[in-house]
Amino acid sequence: MPLSLRLYLDDCAYSKMLVALPREPPHQHSVTIPEDAGLRGAPDVQHFVYARAHGLVVVTKNPSDFEDLHRQFSEHPGVFAVYQDNDARDMSHEEIAQAIANIVGAKIPIPDRFHILNQWRY
(Lines give C-alpha, C1' and ligand atoms only; values in the text may rest on other atoms or scores of the structure.)
Protein backbone atom coordinates (compact mmCIF):
# COMPACT_ATOMS: atom_id res chain seq x y z
CA MET A 1 0.00 0.00 0.00
CA PRO A 2 1.47 3.41 -0.95
CA LEU A 3 2.49 5.86 1.73
CA SER A 4 -0.22 8.41 2.49
CA LEU A 5 1.14 11.85 3.33
CA ARG A 6 -0.32 14.67 5.35
CA LEU A 7 0.25 17.77 3.22
CA TYR A 8 -0.05 21.49 3.96
CA LEU A 9 -0.47 23.84 1.00
CA ASP A 10 0.78 27.30 1.90
CA ASP A 11 -0.91 30.42 0.50
CA CYS A 12 1.33 30.38 -2.59
CA ALA A 13 0.47 26.77 -3.49
CA TYR A 14 -3.22 26.85 -2.65
CA SER A 15 -5.73 26.13 -5.40
CA LYS A 16 -8.90 24.06 -5.36
CA MET A 17 -7.40 21.73 -7.97
CA LEU A 18 -4.20 21.20 -5.96
CA VAL A 19 -6.29 20.41 -2.89
CA ALA A 20 -8.37 17.84 -4.80
CA LEU A 21 -5.71 15.99 -6.82
CA PRO A 22 -3.57 14.63 -3.96
CA ARG A 23 -6.72 13.38 -2.22
CA GLU A 24 -7.83 11.28 -5.20
CA PRO A 25 -6.70 7.71 -5.90
CA PRO A 26 -4.04 6.59 -6.37
CA HIS A 27 -2.51 9.32 -4.18
CA GLN A 28 -4.98 9.59 -1.28
CA HIS A 29 -3.04 12.11 0.80
CA SER A 30 -4.73 14.37 3.31
CA VAL A 31 -4.46 18.08 2.53
CA THR A 32 -4.70 21.03 4.90
CA ILE A 33 -4.88 24.62 3.68
CA PRO A 34 -4.18 27.94 5.45
CA GLU A 35 -7.89 28.64 5.87
CA ASP A 36 -8.28 25.36 7.80
CA ALA A 37 -5.48 26.49 10.12
CA GLY A 38 -6.65 30.10 10.49
CA LEU A 39 -3.44 31.24 8.76
CA ARG A 40 -4.65 32.71 5.47
CA GLY A 41 -2.27 35.55 4.57
CA ALA A 42 0.04 34.83 7.52
CA PRO A 43 3.84 35.11 7.26
CA ASP A 44 5.65 32.02 5.95
CA VAL A 45 7.21 31.28 9.32
CA GLN A 46 3.74 30.85 10.84
CA HIS A 47 2.75 28.41 8.09
CA PHE A 48 5.97 26.48 8.63
CA VAL A 49 5.60 26.36 12.42
CA TYR A 50 1.99 25.21 12.11
CA ALA A 51 2.86 22.48 9.62
CA ARG A 52 5.78 21.37 11.77
CA ALA A 53 3.65 21.22 14.92
CA HIS A 54 0.93 19.21 13.16
CA GLY A 55 3.18 16.78 11.27
CA LEU A 56 2.36 18.19 7.84
CA VAL A 57 4.65 18.26 4.80
CA VAL A 58 4.66 21.80 3.37
CA VAL A 59 3.94 22.25 -0.33
CA THR A 60 4.99 25.72 -1.49
CA LYS A 61 5.64 27.77 -4.60
CA ASN A 62 7.81 30.09 -2.50
CA PRO A 63 10.96 27.96 -2.32
CA SER A 64 13.50 30.54 -1.16
CA ASP A 65 11.67 31.48 2.07
CA PHE A 66 10.91 27.87 2.94
CA GLU A 67 14.46 26.74 2.18
CA ASP A 68 15.62 29.30 4.74
CA LEU A 69 13.09 27.96 7.27
CA HIS A 70 14.21 24.40 6.50
CA ARG A 71 17.75 25.43 7.41
CA GLN A 72 16.64 27.19 10.61
CA PHE A 73 14.45 24.33 11.84
CA SER A 74 16.30 21.11 11.08
CA GLU A 75 13.52 18.84 12.32
CA HIS A 76 10.27 18.99 10.37
CA PRO A 77 7.98 16.68 8.36
CA GLY A 78 9.45 17.89 5.06
CA VAL A 79 9.11 20.58 2.40
CA PHE A 80 8.05 20.11 -1.22
CA ALA A 81 9.06 23.21 -3.17
CA VAL A 82 7.95 24.19 -6.67
CA TYR A 83 10.02 26.69 -8.65
CA GLN A 84 7.87 28.82 -10.96
CA ASP A 85 9.17 31.07 -13.76
CA ASN A 86 5.75 32.22 -14.97
CA ASP A 87 6.19 30.56 -18.33
CA ALA A 88 5.25 27.35 -20.12
CA ARG A 89 7.79 25.33 -18.11
CA ASP A 90 5.89 25.91 -14.86
CA MET A 91 4.42 22.78 -13.30
CA SER A 92 0.70 22.15 -13.65
CA HIS A 93 -1.35 20.96 -10.69
CA GLU A 94 -1.35 17.48 -12.18
CA GLU A 95 2.45 17.52 -12.51
CA ILE A 96 2.81 18.63 -8.89
CA ALA A 97 0.57 15.76 -7.70
CA GLN A 98 2.51 13.31 -9.89
CA ALA A 99 5.87 14.61 -8.62
CA ILE A 100 4.72 13.98 -5.04
CA ALA A 101 3.67 10.47 -6.09
CA ASN A 102 7.08 9.95 -7.70
CA ILE A 103 8.86 10.89 -4.47
CA VAL A 104 6.62 8.55 -2.48
CA GLY A 105 7.22 5.78 -5.02
CA ALA A 106 10.98 6.25 -4.82
CA LYS A 107 10.75 5.62 -1.05
CA ILE A 108 13.26 8.33 -0.24
CA PRO A 109 13.18 10.06 3.14
CA ILE A 110 10.83 13.03 3.36
CA PRO A 111 11.11 14.22 6.99
CA ASP A 112 13.72 16.91 7.60
CA ARG A 113 14.34 17.26 3.83
CA PHE A 114 13.78 20.01 1.27
CA HIS A 115 12.64 18.44 -2.00
CA ILE A 116 12.35 20.38 -5.25
CA LEU A 117 9.31 18.92 -7.00
CA ASN A 118 10.45 20.21 -10.40
CA GLN A 119 13.19 17.56 -10.28
CA TRP A 120 10.57 14.83 -9.80
CA ARG A 121 8.45 15.73 -12.83
CA TYR A 122 8.37 12.68 -15.11
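Atoms considered below: every heavy atom in the structure, side chains included; atoms not considered: hydrogens, waters and symmetry mates.
- Judged as a ring-ring contact (aromatic ring centres under 6.0 Å, His included), the pairs with a partner in residues 3-22 (not counting sequence neighbours) are, in order, Tyr8-His47, Tyr8-Tyr50.
- With hydrophobic clusters built from ILVMFWY side chains whose heavy atoms lie under 4.5 angstrom apart, Trp120 shares a cluster with Val59.
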Throw together a table of side-chain donor-acceptor distances under 3.5 angstrom for residues 104-113, partners on residues two or more places apart or in other chains.
residue : atom : partner : partner atom : Å
Asp112  : OD1  : His76   : N            : 2.7

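- The hydrophobic cluster containing Ile100 also contains Val31, counting ILVMFWY residues as joined when their side-chain heavy atoms lie under 4.5 angstrom apart, directly or transitively.
- For CD of Glu94, the number of neighbouring non-hydrogen atoms (other residues, nucleotides, ligands) closer than 6.0 Å is greater than 12.
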Got a list of side-chain donor-acceptor pairs under 3.5 Å for residues 37-44, not counting sequence neighbours?
residue : atom : partner : partner atom : Å
Asp44   : OD2  : Asn62   : ND2          : 2.7

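- Residues passing the side chain to side chain contact (heavy atoms under 4.5 Å, CB included) test with Asp68 are Arg71, sequence neighbours excluded.
- Interatomic distance, NE2 of His115 versus CG of Asn102, reported as 12.5 Å (0.5 Å rounding).
- Heavy atoms of other residues, nucleotides or ligands lying less than 6.0 angstrom from CD of Gln72 number more than 12.
- For the side chain to side chain donor-acceptor pair (under 3.5 Å) test, no residue two or more places apart in sequence or in another chain qualifies with Asp90.
- The hydrophobic clustering, which links ILVMFWY residues whose side-chain heavy atoms are closer than 4.5 Å, places Leu5 and Val58 apart.
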Practice task
Apply side chain to side chain contact (heavy atoms under 4.5 Å, CB included) to Arg52 and Val49, showing your working.
Solution key: CA-CA 5 Å; Arg52 185 175 179 229; Val49 168; 5.6 Å; no

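- Distance NZ/Lys61 to CG/Leu9: 9.5 Å, rounded to 0.5 Å.
- No chain of hydrophobic side-chain contacts below 4.5 Å, direct or via other Ile, Leu, Val, Met, Phe, Trp or Tyr residues, connects Leu56 to Val82.
- Checking each of Phe114, Phe48, Phe66 against Phe73 for a ring pair (Phe, Tyr, Trp, His ring centres under 6.0 Å) leaves exactly one that passes, namely Phe48.
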* Are Leu7 and Thr32 close enough, and set up right, to give a side chain to side chain contact (heavy atoms under 4.5 Å, CB included), and what steps lead you there? -> CA-CA 6 Å; Leu7 303 173; Thr32 301; over 6 Å; no

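- In summary, of the residues considered (Thr60, Asp10, Val57), a side chain to side chain contact (heavy atoms under 4.5 Å, CB included) with Val79 occurs for Thr60 alone.
- Tracing side-chain contacts under 4.5 Å through hydrophobic residues (I, L, V, M, F, W, Y), one reaches Phe80 starting from Ile96; they form part of the same cluster.
- Taking Ser15 as the reference, Met17, Leu18, His93 meet the side chain to side chain contact (heavy atoms under 4.5 Å, CB included) condition, with sequence neighbours excluded.
- In plain terms, the two heavy atoms of Asn118 and Ala81 that are nearest each other are OD1-O, 3.8 Å.
- For the pair Met91 and Arg121, the minimum side-chain heavy-atom distance is below 4.5 Å.
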